[in-house]
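Report on one structure; see the data block that follows.
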Amino acid sequence: MVTGAGTAAEVRARIVEVEAYRGSDDPASHAFRGPTPRASIMFGEAGHLYVYLSYGMHHCANVVCAPAGTASAVLLRAAVVEHGEDTVRARRGRLPPRARLLSGPGNLCKGLGLAVADNGADLCSAGPIHLEARSAGVPLQSGPRVGIRRAVDLPLRFWWAGHPAVSAPRLPRSHKGTGAEAGP
DNA sequence: CGCAGGATTTGCT
DNA sequence: GCAAATCCTGCGG
């Protein structure tokens with residue numbers, strides 16, 4: 001993921017945790033009720049950005065992945081800064097450990113400077129915000145999604161196994177273990 | 001037109 | 001560990 005490409009505020013981050021959301025078969029998805037004004041972008045062309053405001057204060061960024069006509073979104077939950085750490089820290093305000101700078105959907109958007117104004121951006125063209133494919137070959141794990149109350153059992157969360165940026169479900173920053181636990 | 005709830009984070013009782 | 005902060009979307013009347 002690259003934001004502010006070509007500017008002094010360019011930031012590169014490697015995505016390490018995502019969640020998939022589908023359509024009418026996924027009660028936890030915004031697209032569950034059909035192509036409402038907000039969710040219509042999920043029914044659009046793949047490779048576009050979907051940003052929305054959560055709980056009136058945090059932004060969440062998604063990437064549309066299925067062809068037009070099929071509802072889909074992949075929520076970006078955590079990433080690791082590879083370039084532009086100073087810019088990210090300036091946006092975050094506080095000074096968490098480097099591994100946690102972009103941990104959590106809201107923090108990720110804040111650190112990368114993603115907002116509703118970026119909604120609909122084409123991430124596959126060479127714009128200021130775009131994705132770079134990297135066949136990392138990292139160990140992946142999957143499990144239940146976090147923070148939802150419906151369709152809790154669907155194992156649609158995917159993360160880099162053991163990566164410190166990935167938070168354990170409902171056991172975030174505390175004096176417990178910092179490592180990500182396995183799924184079911 | 002009014003209301004209830006949500007893909008969260010943070011700080012304090 | 002729990003509750004507040006905060007506003008937009010979707011649904012019902």
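Because the structure is a prediction, the values reported are computed rather than measured. Naming: A, B, ... by sequence-line order, numbering from 1 per chain.
Hydrophobic clustering of Ile, Leu, Val, Met, Phe, Trp and Tyr side chains at less than 4.5 Å, counting indirect connections, unites Leu123(A) with Ile15(A).
Distance alone, capped at 3.5 Å, places no donor-acceptor pair between the Ser29(A) side chain and the Gly23(A) backbone. A side-chain donor-acceptor contact under 3.5 Å links Ser72(A) to the backbone of Cys65(A). Between the side chain of Asn62(A) and the backbone N or O of Tyr50(A) there is at least one donor-acceptor pair closer than 3.5 Å. Although no hydrogens or angles enter the test, the distance criterion places no donor-acceptor pair under 3.5 Å between the side chain of Asn119(A) and the main chain of Val116(A). Remark: side-chain polar atoms of Arg157(A) are paired, donor with acceptor, to backbone N or O of Pro144(A) under 3.5 angstrom.
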Between protein and nucleic acid, restricted to nucleotides 2-4 of chain C and to nitrogen or oxygen atoms under 3.5 Å apart, what atom pairs and distances do you find?
none

Show the distances under 3.5 angstrom between N or O atoms of the protein and N or O atoms of nucleotides 7-9 of chain C.
{"from": "dT9(C)", "atom 1": "O3'", "to": "Arg38(A)", "atom 2": "NE", "distance (Å)": "3.4"}

Is there any protein nitrogen or oxygen under 3.5 Å from a nitrogen or oxygen in nucleotides 11-13 of chain B, and what are the pairs?
{"from": "dG11(B)", "atom 1": "OP1", "to": "Arg94(A)", "atom 2": "NE", "distance (Å)": "3.0"}
{"from": "dG11(B)", "atom 1": "OP1", "to": "Arg94(A)", "atom 2": "NH2", "distance (Å)": "2.1"}

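The pair Glu82(A)-Arg12(A) does not meet the salt-bridge criterion, since no charged nitrogen lies less than 4.0 angstrom from a carboxylate oxygen.
Side-chain atoms of Leu53(A) and His59(A), non-hydrogen and from C-beta on, do get closer than 4.5 Å to each other.
One can place CE of Met42(A) at 11 Å from P of dA7(B), the figure rounded to the nearest angstrom. When rounded to the nearest whole Å, the span between OH of Tyr21(A) and P of dG6(B) equals 13 Å.
Within residues 23-34 of chain A, the residues approached by DNA chain B to less than 4.0 Å at the level of any non-hydrogen atom are Ala28(A), His30(A), in residue-number order.
Stacking between Tyr52(A) and dA7(B) is absent: the aromatic ring centre is not both under 5.5 angstrom from the base six-membered ring centre and within 30 degrees in plane angle.
Of all heavy-atom pairs between Arg77(A) and Leu108(A), the closest is C-CD1, 4.0 Å. Considering all non-hydrogen atoms of both residues, Val88(A) and Gly111(A) come closest at CG2-O, 3.6 Å.
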Discussion item. One pair to check against side-chain contact (heavy atoms from CB on, under 4.5 Å): Arg22(A) and Leu156(A). What are the steps and the verdict?
Written reply: CA-CA 10 Å; Arg22(A) 308 189 296 215; Leu156(A) 293 180; 4.2 Å; yes
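Residue Leu75(A) is the one, among Lys110(A) and Leu75(A), whose nearest nucleotide of DNA chain B lies closer to the 5' end (criterion: closest heavy atom).
Taking 4.0 angstrom as the limit, Arg149(A) places none of its side-chain polar atoms (N or O) nearer than this to OP1 or OP2 of dG5(B).
Paired regions of DNA chain B, where each region holds three or more successive Watson-Crick or G-U pairs whose two hydrogen-bonding distances fall under 3.5 Å, are B:1-6 with C:7-12, B:8-12 with C:1-5.
A distance of 12.0 Å separates CG in Leu140(A) from NE2 in His163(A), rounded to the nearest 0.5 Å. With rounding to the nearest 0.5 Å, the separation of CZ in Arg33(A) from CZ in Arg38(A) is 11.0 Å. Taking CZ of Arg14(A) as the reference point, atom CD of Glu132(A) lies at 10.0 Å (rounded to 0.5 Å). The line from CG of Asp122(A) to NE2 of His48(A) is 4.0 Å long, rounded to the nearest 0.5 Å.
Counting any heavy atom pair closer than 4.0 Å across all strands shown, Arg92(A) reaches sugar-phosphate atoms only and no base atom.
Residue pairs meeting the salt bridge (Lys or Arg N to Asp or Glu O under 4.0 Å) criterion with at least one partner in residues 40-62 of chain A, sequence neighbours excluded, are absent.
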